[in-house]
Amino acid sequence: MAEAPVLAVRNLRKHFVQRKGFPNPVTVTVRAVDDISFAIRPGEAFGLVGESGCGKSTAARALLRLIEPDAGSVTYRGEDVLAARGGALKLLRRKLQIVFQDPYSSLNPRRTIAQTLVEPMQVHGLARGADALARARALLDEVGLPAAALDRYPHEFSGGQRQRIGIARALAVEPELIIADEPVSALDVSIQAQVLMLLKDLQARRHLAFLFVSHDLGVVRWFCQRVAVMYLGRIVEEGPVEDVLHEPLHPYARVLRDASPVPDPALRAALPRIEGEIPSAANPPAGCHFHPRCPRALPACRESFPATTEPAPGRRVACHLYPAEDRASVR
Ligand code: SF4
């Protein structure tokens with residue numbers, strides 16, 4: 001029997017109402033996250049991928065309640081995250097930590113690294129005084145930084161070192177799941193691999209689960225076991241990462257996969273291009289949101305958003321090419 005998920009997200013929705021335009025502003029609703037569902041198992045790295053603006057970072061923040069979602073449910077080991085208050089919410093926030101894209105703006109420039117690491121331990125009653133400092137030293141060692149870093153400030157470190165400090169801060173409260181929101185995309189390419197190796201090592205050593213938010217399919221393929229592909233606020237395909245990237249079912253997942261960097265220029269020139277710009281989430285196309293760009297669009301695609309079906313075990317896709325009764329269409 002499959003292990004119960006550590007985190008289950010059901011029909012999560014976050015819309016933003018904005019006033020846009022000058023001199024006659026109008027009210028628009030940006031459907032940033034629109035009914036997305038997925039589950040993450042203990043110790044699993046689950047990728048959430050898509051182009052910029054697809055809603056993946058908003059989803060990550062909404063499930064942690066850094067922004068309050070409009071609808072849906074989020075459960076951590078059966079506990080209702082969205083209904084939690086007081087001590088229950090504090091405990092959930094300890095178990096679910098986030099590592100941000102920009103390691104500099106996520107660290108308080110006026111606090112030493114010792115203060116940065118010790119404070120969360122104190123807030124959650126895990127350690128204080130000399131014990132907390134000893135733990136902070138051990139955390140720095142775990143992320144590959146010297147103990148001398150404790151007395152220094154964030155501006156004294158490089159981008160990669162600051163991201164290591166951000167990771168140490170997340171680990172300080174002994175989480176079970178880390179939401180990594182584009183954790184290496186602000187770093188130099190040469191540093192990215194080192195930080196990814198560190199995260200991979202921590203995942204194995206601490207049996208951590210990850211929600212890994214990224215636009216980079218190559219990184220997701222290397223880091224994650226399963227992946228969900230988002231397009232304009234919706235999950236359009238989900239499954240084991242090798243299956244989804246080797247043989248994508250959804251036309252958007254296929255184009256995204258084919259558009260990811262390929263070292264050989266001749267091969268790159270031969271690959272299909274994704275046509276057109278990603279539409280605005282404030283005014284998504286009717287029916288399947290991908291239909292204006294889809295090379296395989298059917299008449300039905302302009303009419304209705306496709307239901308999510310499971311055309312093969314462990315794989316889910318929202319596309320009219322895969323109606324519920326047509327399982328034979330998947331090789
Ligand atoms: Fe293309 Fe239609 Fe599938 Fe959307 S539902 S991805 S338009 S085939």
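Read the numbers this way: they start at 1 and go in the same order the structure lists the ligands and their atoms. Worth knowing before you read on, the calculation uses all heavy atoms, side chains too, and leaves out hydrogens, waters and symmetry mates.
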- request: Could you list which atoms of ligand 1 come closer than 4.0 Å to a heavy atom of Leu321?
  value: 8 (S)
message: Show the atoms of ligand 1 that are less than 4.0 angstrom away from any heavy atom in His291.
response: 7 (S)
Side chain, backbone, both or neither: the part of Pro251 lying under 4.0 Å from ligand 1 by heavy atom: side chain
field: Donor-acceptor contact present, side-chain Arg226 to main-chain Phe46, <3.5 Å
entry: no
message: Do the side chains of Arg61 and Asp181 get close enough for a salt bridge, i.e. N-O under 4.0 angstrom?
response: yes
field: Flag for Glu176-Tyr76: side-chain donor and acceptor within less than 3.5 Å
entry: yes
- prompt: Can Arg293 and Tyr231 be counted as having a side-chain donor-acceptor contact under 3.5 angstrom?
  reply: yes
task: Look at atom 8 (S) of ligand 1 and find which of Glu237, His250, Arg296 reaches it with the closest heavy atom.
output: Arg296
- request: Would you check if atom 3 (Fe) of ligand 1 lies under 2.8 Å from any N, O or S atom of Cys288?
  value: no
- prompt: Going by the atom numbers of ligand 1, which of them fall below 4.0 Å from some non-hydrogen atom of Cys294?
  reply: 1 (Fe), 6 (S), 7 (S), 8 (S)
- request: Can you sort out which atoms of ligand 1 are near Cys301, meaning under 4.0 Å from one of its heavy atoms?
  value: 2 (Fe), 5 (S), 7 (S), 8 (S)
- request: Answer yes if the side chains of His289 and Asp34 hold a donor-acceptor pair under 3.5 Å, and no otherwise.
  value: no
query: What protein heavy atom is closest to atom 5 (S) of ligand 1, reported as residue, atom name and distance in Å?
result: His320 N, 3.2 Å
query: In terms of ring plane angle, is the pair Phe290 and His250 parallel, tilted or perpendicular, where the classes change at 30° and 60°?
result: tilted
